Every structure is written in C-alpha cells, then in structure tokens.
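This report concerns only the one structure given below.
Keep in mind that what you see is a predicted model, and the values were worked out from it rather than measured. Note that these values count all heavy atoms, side chains included, but never hydrogens, waters or copies made by symmetry.
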Amino acid sequence: MIFMISSLIPFICLGFLSFFTIDSIIQNKVETSLQNNLKQDLMTLENTLDNLNHVSQQLSVGGGANRILEDLLLEKDGYRKIQLTKELKSELNLLSFSNPNIGLMMYYHANTGNYDFENFRVRSGFSPSELPVMAEFPEITYYGPHKSFNGSINQVVFSTMRKVNIPGRNIYLYIESGRNALEPLFAPENRKETSRRLVILDPQERIAFSENQDVYPVNSQFSFEGKSGYYKSFFWTKETSNQGFSIVSITPQKELTKERNQWILQAAFIFVFFLAVASLFAWLLWKMVYHPLNKFNREITNLMNSDIELGEMTNIPEFDDHLKKVRNMKTKIWDLYAEIEIKEKRRADLEVEKLLYQINPHFLMNTLDTVHWLAVFSGNKQIDKLVLSLNKLLGYNLGKMGETTTVEKELAAVREYLSLQQVKYDFQYDIDVDPAALNCRVPRFIMQPVVENSLYHGVSDNGYIHVNVRVAERLEITIQDNGTGMTQDEKNQILEELGNENQKVGMGIGLKYVKKILEAEHGNLAEFHIKSEKGKGTIVTISIPPEREAEAV
C-alpha cells in the first residue's frame with residue numbers, strides 16, 4: 001500500500017491524459033469561436049456588398065435615376081437641364097437617406113476623369129484605377145477595403161463601380177458603404193478588449209487590406225493552404241465569400257493559450273502538493289524497507305559463491321520467507337553444478353566412444369574394398385561380386401536412420417542384401433515396381449527389415465520372396481513370402497510387441513523400427529498391416545501418402 005501511494009506514475013499518466021484532453025477541448029472551443037465570429041463578419045461584409053450591388057442596379061439599369069440622367073445628357077434647353085438636375089439629385093438623396101448603409105455616391109465620367117451628382121464632399125485624389133480590386137465581374141467591380149473618399153469621415157469602406165446603361169456614354173456609378181455599415185469590423189473604438197485583427201484577400205490570394213502590416217503586409221501573397229493555421233505567433237482562420245475574395249482573422253497565440261495556461265497553473269499546484277505527499281511516503285518506505293532489502297541484495301550477490309556464510313534473518317516474515325527460498329535455490333544450484341560436471345565428463349567419454357564406433361565401420365569398408373581389388377586381380381568373380389555387394393549395402397546402411405531416400409535407392413539396397421543372402425540360403429526372389437514409384441520418397445531402411453524377417457523367420461530352402469511397389473492415390477509396398485506363416489496368436493504376439501515401448505528383442509524388432517519411423521514421418525496417414533496364415537506364408541503391406549522427390553522440401 002505504501003508503494004502504491006508513493007508511486008507518481010498514475011498521477012503523471014492521468015495528468016498527461018487530462019492535459020491533452022483539456023488542451024484539445026479548449027483549443028477546439030477557442031478555434032470554433034473564432035471561426036464562428038469570422039463567419040459572422042463575412043456575413044456582415046457580404047450583406048454590405050449585396051446592398052451596394054442592389055442600389056447600383058437600381059440607379060444604373062432601367063427607369064428612375066437612369067432615365068433622368070439619360071434625358072439630362074440629351075437635353076439642349078438650359079431651363080429643362082436645371083429641372084432634370086434637381087430631379088436627379090432628389091432621386092439620389094431619397095435613395096441615400098432611405099438606405100443608411102450607403103455612403104458616398106456619385107457618377108464618374110471615365111473619359112474625362114470628372115465626377116458629378118455626389119451626395120457628400122469628395123476628398124481630392126479620387127482615382128478608381130488605384131483602388132484595390134476585390135472582385136471583378138462584367139457588370140460590376142468591387143473595391144476595398146480602402147479609405148473613404150467622403151471628405152466628412154475618415155473610415156475604411158468598401159465600394160462598387162457599375163457602368164450606367166446609357167448608349168454611347170462611358171459613365172460609371174460609384175457607391176461606398178455607409179458610415180456605420182462596417183463599424184463592427186474595422187472601427188478602432190471596438191478593439192479595446194480583443195486583439196483579433198482582420199486581413200482581406202482578393203481572388204488571387206493577394207492581401208488587399210491588413211490590420212497588421214508588420215506580419216501580413218498589403219500586396220503580399222497569402223500562401224497558406226487550408227482554412228486555419230499558425231504563422232509567427234498568430235493563429236489565422238479564413239473564410240471565402242461567394243464573390244471570390246476571402247476574409248482572414250488573425251489572433252495572437254497567447255490569446256488562445258490563456259485559458260489553458262490557467263488550467264496548467266492549477267494542475268502544477270496540485271502536482272507539487274501530491275509530490276510532497278508522495279515524497280513523504282517514499283521516505284517512510286525507504287526507512288522501513290531499505291535495511292532488510294540490503295540484506296536480501298547481499299544474499300543474491302553472494303548466490304554464486306558456495307563458501308559464503310549465511311547471514312542473519314531480517315525478522316520481517318515476507319523477506320525471511322524469500323531469503324529461505326533463495327538459500328534453498330542456492331543449494332539446488334550447486335547440486336546441479338556437481339551433476340552437470342559429472343554429465344559433462346560422461347559426455348566427453350561418449351564422444352570418444354562415438355568416434356570409435358564411426359572409425360570401425362569405415363575401417364571395415366576400407367578393408368572390404370581391399371578384398372574386392374584382391375579378388376579382381378586374382379580373377380575370382382564370385383568373391384568380387386560378394387564383397388562389392390556387401391560394401392555397397394554397408395555403405396547404404398551407414399546412412400542416418402530415418403532420413404528420407406527414394407524407392408529406387410531403397411530397392412537397390414534390398415537387391416544387394418538379397419544377393420548376399422543367396423550365397424548362404426537357397427531361395428528365389430523377384431521385385432516388381434511401378435516405374436512411376438521409383439522417385440517417390442520413403443524413409444531410409446524401411447524395406448530391408450521386413451525382407452530380413454521374411455528370410456529368417458519365414459522362408460526356408462527353396463523359398464520365394466516377392467516385393468511389389470505400386471503408386472496411385474497412395475504408395476503401396478507389399479513384401480510377400482511363401483514361408484511357414486503364423487497362427488493368429490503368433491501374429492497377435494508380434495503386433496503386441498510392436499505396440500510395447502519397453503519391448504527391445506524378438507522377431508518384431510525390425511518391424512518395430514519400421515512402424516515407429518512410419519508414425520514419425522506420416523503419423524495417422526501411414527498404414528502397416530500383417531496378413532499371415534500357417535503353412536501359406538506372410539504378407540506385410542505398407543501404405544503411405546505419395547511424395548515425389550521433386551516435391552520434397
């Protein structure tokens with residue numbers, strides 16, 4: 001319990017998890033709020049531009065002011081011109097007073113650069129070609145934001161210019177947004193409690209207006225992808241209007257992290273308090289456990305030294321129990337060392353003995369090879385044939401038991417064996433094999449033990465042994481003799497010996513090897529059958545799945 005209380009891991013993990021979770025929640029909350037505010041600003045701006053577009057349509061196309069202006073331009077009579085001028089000004093003033101979101105409004109003559117019928121005093125230096133283009137369409141062009149040309153105000157406005165529908169005349173209607181239309185967006189007096197600033201982009205992503213010239217200068221390219229991101233300690237978020245221009249809100253990162261930093265400060269105070277408590281418990285744990293643990297550590301350090309005297313117990317039940325187990329383990333380890341030394345010595349003796357067993361058969365094979373050449377030189381073909389067969393058979397049988405070979409090689413060894421036995425016994429044999437079965441793989445030394453049993457325990461003089469190998473869905477090996485055969489009881493006894501693990505001698509020792517190697521190689525897929533009748537001989541059948549030499553791994 002002391003260790004669990006003093007552990008800081010759960011608190012640290014919980015702290016990191018809480019930090020990332022709360023940080024994500026706070027950041028998403030702040031960013032969502034900024035995005036919503038920006039959408040509201042864009043809606044205000046689009047409503048202002050839509051209003052400018054609607055007013056310009058009223059004045060530039062169709063009747064009303066457009067008809068009066070056309071009549072005025074065509075009128076020759078001076079008195080009539082004065083009347084039409086009053087009517088046009090009255091029409092413009094009525095529209096201006098009825099729409100508070102409309103500011104400066106006038107007609108601009110593109111050919112001469114003059115303007116007239118303005119509803120407010122125009123500031124000097126009016127030149128539409130120098131205004132920042134926000135969006136340009138065949139009928140209308142949007143400008144801004146820019147400083148108003150209204151001489152009575154000093155605010156940032158948006159403006160439009162639409163060509164008046166009068167044939168043969170190059171006259172445009174210029175309209176600015178009103179004094180209060182964009183006050184929530186750009187008015188400095190509304191910026192006292194927030195550091196958020198706005199940047200306006202034209203359709204080519206060029207900065208047309210910026211409230212922060214140091215970081216986002218006018219006429220520079222805004223080359224950031226996405227709808228939000230971070231740049232030079234500012235968080236920016238962008239919304240694009242239907243007219244093609246974009247409005248960007250930039251906020252210092254410290255504004256975004258202000259709430260998170262407050263939470264981190266509170267968490268830091270809690271962590272310091274928890275650390276002090278955990279340190280107190282850790283000191284108590286060190287005080288209570290260090291001394292017995294040090295004894296335990298010395299006991300483990302001396303584990304490999306058999307002559308170190310045993311120290312005193314700690315008098316703490318948990319530690320004393322483990323010390324007893326360590327000491328018991330120490331005793332068992334040294335007993336195992338002694339046993340291993342004895343086994344290693346015995347293993348070395350067995351290695352020498354194994355080498356001797358390997359030398360003797362090869363010495364015998366070399367000697368038989370010498371006898372073979374003496375028989376060749378003396379012209380004794382029978383001895384030559386006998387020694388050569390024996391040498392081949394001995395070489396084949398010296399191979400590793402249980403490794404695989406082919407039916408062809410196994411049958412060659414059986415032929416050599418039967419040829420040798422014909423020197424001593426008077427019997428006949430024949431081998432009938434399907435050519436397709438020659439390259440099938442079988443365990444080494446699987447046929448000779450069965451043939452040997454047939455020869456020694458079944459066939460007498462004038463006997464006959466028949467070996468048949470066929471392959472279809474399975475590889476079938478049949479070894480048949482015409483010997484004395486067996487009764488049912490004798491056959492049952494052999495089968496019982498084959499299933500008895502402790503049975504080491506008897507007529508079934510060769511068959512035991514065959515049965516075991518079949519089970520090891522093929523498991524339940526291998527079949528081994530003995531069919532015998534007293535006085536009529538014995539048939540041993542081996543059936544395994546066919547495996548071609550090319551298919552073997």
Is the closest side-chain heavy-atom distance between [X] and [Y] below 4.5 Å?
X	Y	value
Ile207	Ile200	no
Glu46	Asn242	yes
Val199	Ile250	yes
Gln480	Tyr464	no
Ile544	Val442	yes
Glu547	Cys440	no
Tyr429	Gln422	yes
Ile542	Lys515	no

Taking atom [atom1] of [X] and atom [atom2] of [Y], what is their separation to the nearest 0.5 Å?
X	Y	atom1	atom2	value
Glu452	Gln421	CD	CD	7.5 Å
Ile517	Phe528	CD1	CZ	13.0 Å
Ile340	Ile333	CD1	CD1	10.0 Å
Leu438	Arg548	CG	CZ	9.5 Å
Ser246	Lys227	OG	NZ	10.0 Å
Glu490	Ile530	CD	CD1	12.0 Å

Polar contact flag, side-chain donor to acceptor under 3.5 angstrom, Ser454-Asp481: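 Yes, a side-chain donor-acceptor pair sits under 3.5 Å.
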Classify the side-chain pair Arg444/Thr405 by whether it contains a donor and acceptor separated by less than 3.5 Å.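 There is no such pair (donor and acceptor under 3.5 Å, judged by atom type) between the side chains of Arg444 and Thr405.
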Taking side chain to side chain donor-acceptor pair (under 3.5 Å) as the test, write out the residues that go with Asn219, two or more places apart.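 With sequence neighbours excluded, Asn219 shows a side chain to side chain donor-acceptor pair (under 3.5 Å) to Arg206, given in chain and number order.
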Residues in side chain to side chain donor-acceptor pair (under 3.5 Å) contact with Glu205, at least two apart in sequence or another chain: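 Only Lys238 meet the side chain to side chain donor-acceptor pair (under 3.5 Å) criterion with Glu205.
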Can you name the closest pair of heavy atoms from [X] and [Y] and give their distance?
X	Y	result
Arg470	Asp434	NH1-N, 3.0 Å
Asp41	Ile247	CB-CD1, 4.1 Å
Glu410	Ile446	OE2-N, 2.8 Å
Val450	Val514	CG2-CG2, 4.2 Å
Pro546	Val471	CB-CG2, 3.9 Å
Leu455	Tyr417	CD2-OH, 4.0 Å

Using only atom types and a distance under 3.5 Å, with no angle test, would you say the side chain of [X] pairs donor to acceptor with the backbone of [Y]?
X	Y	result
Ser532	Met486	yes
Ser210	Tyr216	yes
Glu416	Ala413	no

Enclosure of Lys531 NZ (heavy-atom neighbours >12, cutoff 6.0 Å):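 At most 12 heavy atoms, drawn from other residues, nucleotides or ligands, come within 6.0 Å of this atom.
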Gln221 atom CD, over 12 foreign heavy atoms within 6.0 Å: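 Atom CD in Gln221 is packed in, count exceeds 12.
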Would Thr404 and Glu521 count as a side-chain contact (heavy atoms from CB on, under 4.5 Å) if you check the C-alpha gap in whole Å, the side-chain angles of each, and the deciding distance to 0.1 Å? CA-CA 9 Å; Thr404 58; Glu521 290 288 332; 4.2 Å; yes
side-chain contact (heavy atoms from CB on, under 4.5 Å) assessment of Asp432 paired with Val469: CA-CA 6 Å; Asp432 184 12; Val469 182; over 6 Å; no
What do the steps show when you test Phe224 against Val248 for side-chain contact (heavy atoms from CB on, under 4.5 Å), and what is the final call? CA-CA 11 Å; Phe224 304 105; Val248 180; over 6 Å; no
Centres of the Phe222 and Trp236 rings: under 6.0 Å?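 Yes; Trp236 has its ring centre under 6.0 Å from that of Phe222.
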Please determine whether side-chain contact (heavy atoms from CB on, under 4.5 Å) holds for the pair Glu476 and Thr541, giving the CA-CA distance in whole Å, both sets of side-chain angles, and the decisive distance to 0.1 Å. CA-CA 7 Å; Glu476 301 282 348; Thr541 303; 3.8 Å; yes
